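See structure below.
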Amino acid sequence: MKLATFDAGEGPRIGIVTDGGVVDLALVSPRLPATMIALIAAWDEVKDDVAAAAGVAAHHALDKVRLLAPVPRPGKAMAIGLNYADHIAESGQETPKSQLWFAKVPTCINAPYADIEIPRTSNFVDYEAEMVAIVGKGGRNIAKEDAPAAVFGYCCGNDATARDWQFRSPQWTLGKSFDTHGPIGPWIVTADEVGDPHALEIRGLVNGEVRQHSNTRHLVFSVFDQIAELSQAMTLEPGDVIFTGTPGGVGIAMKPPVALKPGDVVRVEIEKLGHIEAKMAAV
Ligand code: ZN
């Protein structure tokens with residue numbers, strides 16, 4: 001199932017994306033949760049009703065709604081660094097022996113087709129095509145073998161980064177958390193529909209040119225390793241967002257490095273998950 005947060009002129013709603021368009025869950029049943037986080041939290045109780053709603057005639061054509069980030073304001077967004085071999089090599093780093101985590105603060109989460117800002121205070125904004133895992137029921141100290149059940153679904157993400165800010169401090173949080181620098185979407189594909197999340201083609205394109213191309217089978221630490229590690233430190237909650245790492249081909253590693261410039265169009269495509277696309281906008 002594909003679950004979206006969208007605006008058809010009446011504010012944020014959640015719905016199911018079907019072949020016919022978008023089914024507005026609020027119009028199917030006012031008893032269903034009204035936000036994606038509430039829907040994920042209540043999933044065990046409501047999933048049968050939601051599945052039945054997928055058979056209802058769509059309320060909106062897909063191109064008549066504005067898609068928002070499927071989880072517009074997650075409780076937290078965590079991201080792993082250096083998690084594909086080719087990206088580690090181009091970064092001149094050793095393969096990490098332990099997982100390298102940083103935060104993207106929740107206010108950086110952005111809609112799947114909204115502009116990404118190039119702020120005047122940064123001279124190098126870059127892209128990172130990534131598969132994003134959305135936490136389901138969550139919990140603490142989740143064993144790796146239990147981790148598949150802890151993932152609600154997956155979507156595309158761009159771990160956009162102000163490289164100058166990232167590297168001027170040993171702590172990456174500011175460089176990774178500029179407003180608009182965390183687009184995700186276009187919707188959540190539920191884990192059951194994705195099947196194996198470690199067998200998906202992933203591509204990052206700038207102005208139609210393929211800059212990144214890999215497969216999620218090349219993740220150094222799997223999604224399930226990541227859930228097990230993170231949940232030792234923090235309680236994972238419904239709708240939390242996990243950026244699972246980027247393959248090689250980022251702009252900073254080009255020779256010479258190439259920063260994104262205003263008007264550039266950055267696209268992330270992942271097999272089974274769809275694509276997100278943003279124009280770069282100077283602010
Ligand atoms: Zn990243």
Side-chain angles (χ1 to χ4, degrees), residues 69 71 74 76-96 98-110 112 116-117 122 124-135 154-185 197-198 200 202-206 211-223 225-227 229-230 240-254 257-260 266-270 273 275-276 278 280:
V71 185
K76 54 187 166 296
M78 299 297 295
I80 190 169
L82 301 177
N83 202 34
Y84 281 83
D86 55 353
H87 179 54
I88 295 166
E90 73 180 2
S91 304
Q93 305 285 328
E94 304 271 311
T95 300
S98 55
Q99 298 177 32
L100 190 167
W101 285 100
F102 56 90
K104 285 178 82 71
V105 301
T107 45
C108 81
I109 297 299
N110 201 26
I116 294 174
E117 295 179 356
S122 172
F124 203 113
V125 174
D126 206 354
Y127 52 86
E128 294 189 355
E130 307 203 8
M131 178 172 71
V132 164
I134 305 293
V135 173
Y154 298 89
C155 63
C156 303
N158 182 351
D159 175 17
T161 305
R163 296 291 184 200
D164 45 347
W165 285 70
Q166 178 187 6
F167 294 129
R168 75 187 195 189
S169 143
Q171 167 56 254
W172 294 359
T173 301
L174 281 188
K176 291 287 193 174
S177 293
F178 276 57
D179 285 358
T180 73
H181 283 196
I184 58 173
H198 303 108
L200 305 178
I202 177 170
R203 303 202 305 168
L205 301 89
V206 178
R211 297 271 187 90
Q212 301 182 277
H213 182 199
S214 187
N215 187 290
T216 55
R217 83 170 80 94
H218 298 304
L219 287 176
V220 175
F221 295 103
S222 76
V223 174
D225 290 323
Q226 296 180 33
I227 298 263
E229 175 90 355
L230 278 177
D240 282 352
V241 166
I242 300 174
F243 285 79
T244 63
T246 201
V250 297
I252 190 74
M254 294 176 75
V258 178
L260 292 167
V266 180
R267 181 177 172 109
V268 177
E269 305 175 343
I270 304 178
L273 306 183
H275 69 269
I276 60 175
M280 304 304 297

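All values below were derived from every heavy atom in this structure, side-chain atoms included, with hydrogens, water molecules and symmetry-related copies excluded. From a predicted model like this one, the values you see are computed outputs, not experimental measurements. Ligands are counted one by one from 1 in listed order, and the atoms in each one are counted from 1 as well.
- The backbone N or O of A129 lies less than 3.5 Å from a partner atom in the side chain of Q212, making a donor-acceptor pair.
- Of all N, O or S atoms in E130, the one lying closest to the Zn ion (ligand 1) is OE2.
- Taking the Zn ion (ligand 1) as reference, E128 places its N/O/S atom OE1 nearest.
- Separation of the F124 and W165 ring centroids does not fall under the 6.0 Å cut-off.
- Ion pair E128/R163 flagged as a salt bridge, since at least one NZ, NE, NH1 or NH2 atom sits closer than 4.0 Å to an Asp/Glu carboxylate oxygen.
- For D159, the N, O or S atom closest to the Zn ion (ligand 1) goes by the atom name OD2.
- A side-chain donor-acceptor contact under 3.5 Å links K104 to the backbone of A160.
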